[in-house]
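Computed from heavy atoms alone, side chains included, the values below leave out hydrogens, waters and symmetry copies. Here, residue 1 is the first one in the sequence, and each next residue gets the next number.
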Amino acid sequence: MTTIRVLVVDDEKPGRERLRRLLAREPRARIVGCCGGGAEAIEIVKRATRAGEPIQLMFLDVQMPEVDGFAVCAALEGDTALAAAPAVVFVTAHDEYALRAFDANAIDYLLKPFSDERFQAAFDRAMRDVQAGHAHALISRMQHLLSGPAASSLAVGAGPSPRPVLDRIVIRGPGRVRLLPVDQISWIEAEGMYVTIHTRDGSTHLHRGLLGSLDESLDGRHFVRIHRSAIVNIDVVVELRQDAHGDYVAVLRDKTELPVGRRFRSRLQERLGQTL
């Protein structure tokens with residue numbers, strides 16, 4: 001049975017003890033620590049990573065003195081020494097933090113007092129997320145090792161390899177990981193810390209990642225960023241329509257209309273080889 005390493009962070013002892021008892025009944029959880037402060041939690045995560053046994057999941061209180069739960073997440077997300085920050089389930093007595101919790105990429109949000117069943121649902125969701133993350137990491141490593149540029153960098157005297165161009169995007173879902181070929185993509189729109197991928201068959205897929213990162217990784221011969229919130233597959237653009245203000249709109253095969261931002265017009269011009 002797969003187990004995951006879990007850290008409990010809550011500045012109130014009753015809260016810590018309740019979570020500890022619930023996790024002790026869960027055979028898939030291995031409790032590696034309980035602490036009452038954000039600074040201590042950050043140090044535990046770093047220490048575990050250095051020891052080769054990184055924390056995979058945190059049940060994290062939001063309101064804590066000095067370093068709150070959101071500050072813990074920000075510190076860990078920004079730490080380049082960590083291969084990946086732990087998955088997070090926020091725990092709090094105040095529901096006004098719910099939206100911020102999901103903005104911080106939390107898997108789930110437990111509002112005190114919560115039932116045993118609600119805890120179990122949160123843990124099951126976290127378990128699926130962690131397992132999907134493992135699969136994602138394995139796929140990424142395989143792609144890196146098998147890619148031509150990466151392999152060529154092993155040659156004697158070879159310089160730094162160029163960044164591999166994505167030919168598939170990993171779409172994570174409950175209990176599964178899907179590999180989406182990029183040639184099926186029509187356009188991509190930004191959704192905060194996520195992007196929504198629109199495919200040629202009319203379906204959509206939510207992918208955790210930043211639009212800017214995808215812009216750097218996709219093949220520039222086919223994909224062009226035309227707006228701060230949109231990347232388009234140039235192969236599905238059938239018309240550029242100009243409005244009364246001189247701005248352009250890209251019309252796709254499925255009749256979707258996407259604005260061309262003035263900042264990004266030069267990119268489109270360069271790709272088309274023509275001045276707009």
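- Using a 4.0 Å cut-off between charged nitrogen and carboxylate oxygen, E53 and R30 count as a salt-bridge pair.
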In sequence, state the C-alpha distance, the side-chain angles, and the governing distance for D10 and K112, and then conclude on salt bridge (Lys or Arg N to Asp or Glu O under 4.0 Å). CA-CA 12 Å; D10 194 321; K112 300 176 183 178; 2.8 Å; yes
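- Between T49 and P54, the shortest heavy-atom contact is OG1-CB, 4.0 Å.
- Two residues are said to be in side-chain contact when any heavy atoms from C-beta on lie closer than 4.5 Å; E17 and P14 fail this criterion.
- Within a 6.0 Å sphere centred on CD of E270, heavy atoms belonging to other residues, nucleotides or ligands number 12 at most.
- No side-chain heavy atom of V236 sits under 4.5 Å from any side-chain heavy atom of I185.
- For R168 (side chain) and L179 (main-chain N/O), no donor-acceptor pair under 3.5 Å exists by modelled atom type.
- Considering every non-hydrogen atom in both G246 and R265, the closest pair reads O-NH2, 3.0 Å.
- A salt bridge links R18 with D116: the distance from a Lys NZ or Arg NE/NH1/NH2 to an Asp or Glu carboxylate oxygen falls below 4.0 Å.
- Within the structure, side chain to side chain donor-acceptor pair (under 3.5 Å) pairs that include any residue of residues 226-238 comprise H222-D235, H227-S229 (at least two apart or interchain).
- Counting only heavy atoms from C-beta outward, the side chains of V237 and V251 never approach each other to under 4.5 Å.
- Checked against salt bridge (charged side-chain N to carboxylate O under 4.0 Å, His left out), E12 has no partners two or more places apart in sequence or in another chain.
- Residues L211 and A230 share a closest heavy-atom pair of CD2-N, 3.4 Å.
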Evaluate the salt bridge (Lys or Arg N to Asp or Glu O under 4.0 Å) criterion for residues E40 and K46: first the C-alpha distance (whole Å), next the side-chain angles of each, then the deciding distance (0.1 Å), finally the verdict. CA-CA 10 Å; E40 185 180 1; K46 292 181 177 180; over 6 Å; no
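- Aromatic ring orientation, F123 versus F59: parallel (interplanar angle below 30°, classes split at 30° and 60°).
- The salt bridge (charged side-chain N to carboxylate O under 4.0 Å, His left out) search around D61 returns none, not counting sequence neighbours.
- Expressed to the nearest 0.5 Å, how far CD of Q184 lies from CG of D201 amounts to 7.0 Å.
- Salt bridge status for E189 with R225: absent, with no side-chain N to carboxylate O gap under 4.0 Å.
- Cluster membership for I234 and Y248, using ILVMFWY side-chain heavy atoms within less than 4.5 angstrom, is shared.
- By the neighbour-count criterion of 12 heavy atoms within 6.0 Å, atom CZ of R221 is sparsely surrounded, having that number or fewer from other residues, nucleotides or ligands.
- Across all their heavy atoms, Q56 and I4 have their closest contact at OE1-CA, 3.2 Å.
- At most 12 heavy atoms of other shown residues, nucleotides or ligands fall within 6.0 angstrom of atom CD in E66.
- Checking side-chain atoms of S203 against main-chain N and O of T199 turns up no donor-acceptor pair under 3.5 Å.
- Using a cut-off of 4.0 Å between Lys/Arg side-chain N and Asp/Glu carboxylate O, R267 and D215 are scored as salt-bridged.
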Report the C-alpha distance between D124 and R28 in whole Å, list the side-chain angles of each, state the deciding distance to 0.1 Å, and finish with yes or no for salt bridge (Lys or Arg N to Asp or Glu O under 4.0 Å). CA-CA 10 Å; D124 289 344; R28 297 171 295 172; 2.5 Å; yes
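- Applying the side-chain contact (heavy atoms from CB on, under 4.5 Å) test between I197 and each of L180, I231, T204 identifies L180 as the sole match.
- Annotation: side chain of I188 is not in contact with side chain of V232 (no heavy-atom distance under 4.5 Å).
- Contact detail for L7 and G33: the closest heavy-atom pair is CD1-O, 3.3 Å.
- A 4.5 Å side-chain heavy-atom check between V6 and E26 finds every atom pair outside the cut-off.
- The backbone N or O of D108 lies less than 3.5 Å from no partner atom in the side chain of R125, so there is not a single donor-acceptor pair.
- Smallest separation of non-hydrogen atoms from A250 and V260: N-CG2, 4.0 Å.
- Between the side chain of T256 and the main chain of L252, no donor-acceptor pair closer than 3.5 Å is present.
- Between the side chain of E191 and the backbone N or O of V195, no donor-acceptor pair lies under 3.5 Å.
- With R200 contributing its side chain and D183 its backbone, the two residues share a donor-acceptor pair below 3.5 Å.
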